[in-house]
Amino acid sequence: MLRLEGIDVHYGATQVLWSVDMRVAEGEIVAIMGPNGSGKSTVLKAAMGLKAPSGGRVLLDGREMQDASATERPRHGMAIVLERRRLFPRMSVHENIVLGAYARPARETKGSLEWVLGLLPDLREHLDATAGKLSGGQQQMVAIARGLMARPRVLLMDEPFLGLSPAMVKTVSAIMRTINGEGVAILFNEQDAKLSFALSHRGYLLESGRVILSGSGQEMLDHPEVKRVYLGVREEAAR
Amino acid sequence: MTEILGRRPALSFLICVGLFLLTLVLPLNDYVLHILTLSLIFAIFASGWNLTLGILGLKTLGHHAFFAIGAYLSAIAAFYGGVSPWLTIWVGAVLAALAGLLIGLPILRIRSMPHVAIVTLAFAEIVRLIFSNLKDITRGELGFWGIPPFDPVSFGETTIRFGLGNAWGSFILVGLFFFAVQGGLLLLLRSRPGLTFAAIRDSEAAAESLGINFGAWKLAAFALSAGIVGLSGAIYAHYVMILTPTSVAGPEMLITLLAIIIVGGAGRFFGPLYGALLLTGSLELLREFGDYRMLLYGALVIGFVFVAPQGIAGLKFDRLRRRRGHGTNESSSSA
Amino acid sequence: MTAPLFLEMAINGLISGSIYALVGSGIALVYGTTRVLNFAHGELLMIAGYLVLFFAVTLGWNVLLASVVTLALVGSIGAAIQRITIAPLLAREDWAFRVIAATIGLSIFLQSGAQIVWGEQFRTLPYFFDGVVSLGGLRMPVQRLSILVIALLLMGLCALVLYRTSLGRIVRATAQDAEAALAVGIPAGLVHTSVFAISAVLAGAGAILLSPILTVNPWMGVSFLLKGFAVVILGGLGSFGGAVAAGFLLGLIEAASVMVLPTEWRDVVAFTFLIAVIWVRPNGLFAGREA
Amino acid sequence: MATYTKGPVAARRILALMLLAGTAGTAQAQDVSIGVIGPMTGPAANTGTAHREGMELAVKEWNEGAGDYVSDEPPQVELVVEDSNSKPEVAIGAAQRLMTRSDVDMIIGDTLHSHVTLALMEMAPQYGVPILSAEPVSSAIADKVLSDPERYALYYKGNYNSDGYGKAVHGFYSWAFENDVVPEGDKTIAFVVEDTDYGIANAEKIGELFEADGWTVAATETTPTGTTDFYPQLSKLRGLDPDILVSVFTLANSGISFVRQLDEQALEASHMAIFYPTRPEFMEQAPDIADGMFWAALQFSPEITPEHQAFNDRIEAEFGVSANYSHAHAYCTMVVALRAIDAAGGTDADAIASEIGGTDYDCLVGKYAFGEDNTVQSGPDFIPVPVAQVQGDASQIIWPENVATAEPQ
């Protein structure tokens, strides 16, 4: 349902994405994997409209999104969880979450909040806490909750595991599966190949702003190139 | 650096000198010379301010304080100390530079643009009020009169006199000061320190990684800029021969100079000259409009900010670059 | 100094402080959300002063009605200034300085425009409230006390809007993280414009409260702008509460200065205090408590 | 090349324009041309406009045969008005323009400001043109003339020195103490004055005269021009409890606010207001709060002087505004200049200057005669500086006794 076709992005005179094609089908979890600076985050920002592409199209259910600004896209069923959570630090958790429903009609807010707290029950006890004072993992949950409040059909997640403890990574992965179980498609990015492709139905490998490989999660993990460069390097580094 | 100086700055400089010499043989009346002299004094002021504002990228709004310090302290030294203005103007300039160090220290530590703008503005207000309140010395708003003009200079038979009413001598003298300051700045900007300034403006992080000591450089540049502005104030004092705190350190001085820099081109080496000539000159022509003068002034500043943010000095330059297909990546960060 | 005189001095300080707080908190609100320093903020005071004069004196309306209409108009003028002169610059490079230059130009433009339209007649509004409160040795007209009370009420109301309404929520969200606000669908343009309107209303309220005791003239905004800026820096850039607190503090310092020194040193004391604070605490007196 | 020649080309164009402007001469249809420099724009433009109107009326009457001529063949006069914007350097530019473009024979200026006049008077020896200033009062100007009489031989000051008020205030209070109009108390005096040479010079002069009588100056508070909130100052003064309080402002609004706040604060001092009650707006807004207040100097009062009423009618017919003191003073200054030029029988600067010096002429506000310091003299025989009191809704002169229109209340 979400399609990126031939996306080019420039920062000033420098081109960072070169004709990127991607798609996310109904109910899918899709990973974008790639090294630092390969343009993963830019893909998500371009999809959300936070960064205007210099070429190509973003389609949601076949409808062109170019004319819809970032603030309108949540109305069409898209939401994003930004890198490093980006909560409103001096507001309460409750305020943060409710702001996620800004693009939706006010009468839905209550129902959405119940739905989100049902998915993330741990947040209930922190609703009055100041968002900036929570731990990184708790903040990530708030950020996800905020994204879900827009009742998205596709949720974009920018580096959802960045800076989390291994235990927290597990928790967040589990949450992502739960959300997906509710029918929300997810497009996320992550540097760790194993983590990326184990969690996702399908994945893309991005290098220097170009998609160089795509396939199902398992296919990607088994691909010799991924094994040699990404898994191999990681294993050596781990040793 | 080309972006600041334009290409072949030395040639531009020589053309300006040539034009100046040309005006000397024209039959100009005292009034036109008075206007040109004021323009050149403001052009020196603007060049000094431009050093921090445009070239160093520090958005200060209080340089009229240094103008007032240079003007008043040189005038006080000459009036009470009986010292020749040829010497006291340097006292004024050095003291203005010291004041620059004083106010430069806290604002360079902070760097955030609103802080720099507001703190320097407040500093200028303090300076204005102090000169206004020390009535025993400055006579306050009544005006500090009796400031001696520059001592006359004799070449054999001919004696050149300066100060108001001696339009020719004053114009030549201010012209010489202007070209000395511009020439000095030109040499400085093309030398190592000049390149450092540009580096600071273009990328603080990059310059830092090259091991350039920021604080000291910025402070030095700031003091130099304050000193040049102080010098222009001192020259002004011995030309006009009367000072009031409002006329040298009031808000209108800030606005006049800001307009000169914006219209001329902030950060462009020749910007101040163009701006000073155009604004001082055209506003004299617009005198007939009386009340509408300041209205046009405001509109002019807004217009230039929108239409030609690089000022007159940047006009052709940009167009040419665009034609060659280069992207624009000038100007610095904004905090 | 006798106790009533001391108290009177404190009240005088709080009264001028309340106006600094009104002006400063508006500037802080705009800076906090949009990172814009509006040098034409003082002219909003001036325009409000002339509008209220026009409605209340020229047309002879009831003061309350005149004030409400004035505030509505000034709010719209503030919004229009943001839309027309500031918003188009935000997308450009080096915008922060360009906004300063453009708003300085606008400020001159409005001042001389006002001078052409209304002349340089210095005018004053009649008192809204009669009577003098006399307590022991202390004498204070009701009109002046009302400035303090109404200013406090207005700032309280503004805080209520900021912290208890959905408009306030999106304003604070934009102030705390503009991109995240955009990502949840909060339209930044709307927020910026409404913040300008609110700050214009605060400045306008200051002008209305002052107009019976200060002259309305084309240049009246200049000194308040400088004081407003000082208050914003003292309070910690962009902090609404900090600006309010710093406004009252500055008013008290000035009143104390007049008691001890001749009047002409008052502003020297105020601005020297500002620079001294910047030397010691670059982030202001109440740093870390933004909108 | 094209990248940098733009600027010099632009500069050359401006230069050409300026040359054009500089040489475009004005056709001289008149015999004599007088330049006027005053604050036509800026905060003092109201007063500058009054000056212009007063002078235009004088010139109009002169050219239309209604003037008070000296010779049988008075010259036709052209008036050129330039703006000083209340700034010395602007006024100097204006003077140079008047000399080089309009080729004027005489300059009247500055019409209002002492600090502008201090700069402008330098133009007299520089260009050999007679200069007569109108309303400025600062004694510093006269001191400057006395310091080098030869250099400033062409300069005359068309108003009395700032000690004129000082002498009047001091003289009035000496009389008032003797006649028990005002109690002397413990001899302390305080000032609230605007931060101009006008306010400060007056405070200094009055302070000096009282100190010589054994008084103490308790405080001198100077406030920026246009100030209308005097609470901090008044609170302080209430603590100091002076016997006499002198206030000097040029703007009526400052005065109205001051008087009103004084009333609210209920200070016990005897209040003497200087200059601002002259403004018509003051009496319109202040009567009930100002009742009983003393003030100096009631020099223009259409209500009680028929001659002033007649002048007021002429101004009203010509410009549609009521006349104030500035109209009258400017009118008289211009008449003094016109008569001097007429008497000189030509445009020779020295002749005009010596005729100004020899002026002995009764005009609306008193008799114009210049002293050794080239300054108009004040006092009962020249321009009187009377003290008035607000009584009911009008002001009455109460001192000196020979011109008093009412008893003090």
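- With rounding to the nearest 0.5 Å, the separation of CZ in C/Arg35 from CE in B/Met113 is 12.0 Å.
- When the candidates B/Ser132, B/Ala259, B/Pro309 are compared by the number of heavy-atom contacts under 4.5 Å with chain C, B/Pro309 comes out ahead.
- When heavy atoms are compared at a cutoff of 4.5 Å, B/Ile261 does not approach chain C at all.
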- Evaluate side chain to side chain contact (heavy atoms under 4.5 Å, CB included) for C/Ile116 paired with B/Leu295, printing each intermediate quantity in order. CA-CA 9 Å; C/Ile116 290 164; B/Leu295 195 74; 4.1 Å; yes
- Task: Apply the test side chain to side chain contact (heavy atoms under 4.5 Å, CB included) to residues C/Ile104 and B/Leu258: give CA-CA distance (whole Å), side-chain angles for both, the deciding distance (0.1 Å), then the verdict.
- Result: CA-CA 9 Å; C/Ile104 289 180; B/Leu258 187 70; 3.5 Å; yes
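- Here the closest heavy-atom approach between residue C/Thr85 and residue B/Phe306 is recorded as O-CZ, 3.2 Å.
- Heavy-atom pairs under 4.5 Å with chain C were tallied for B/Ile302, B/Ile107, B/Leu105; the largest tally goes to B/Ile302.
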- Report the C-alpha separation of C/Glu264 and B/Leu129 in whole Å, then their side-chain angles, then the decisive distance to 0.1 Å, and conclude whether the side chain to side chain contact (heavy atoms under 4.5 Å, CB included) test is met. CA-CA 8 Å; C/Glu264 65 259 38; B/Leu129 287 168; over 6 Å; no
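- Minimum heavy-atom separation, C/Leu237 to B/Ser112: CD1-OG, 3.9 Å.
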- Item | Criterion side chain to side chain contact (heavy atoms under 4.5 Å, CB included) on C/Phe97 and B/Val305, from CA distance to verdict | CA-CA 10 Å; C/Phe97 181 64; B/Val305 168; over 6 Å; no
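- Contact record, B/Pro106 with C/Ile278: CB-CG2, 4.3 Å, taken as the closest heavy-atom pair.
- Residue C/Leu274 touches chain B through its side chain alone, counting heavy-atom pairs closer than 4.5 Å.
- Under the side chain to side chain contact (heavy atoms under 4.5 Å, CB included) criterion, B/Ile126 pairs with B/Ile130, C/Val268, C/Phe271, C/Thr272, C/Ile275, sequence neighbours left out.
- Heavy-atom distances place the side chain of C/Ile100, and not its backbone, under 4.5 Å from chain B.
- Remark: C/Ile108 CD1 to B/Leu296 CG distance equals 12.5 Å, nearest 0.5 Å.
- We find the CG-CZ distance between B/Leu121 and C/Phe39 to be 6.0 Å, quoted to the nearest 0.5 Å.
- Here the shortest heavy-atom pairing between B/Ile262 and C/Ala101 reads CD1-CB, 3.4 Å.
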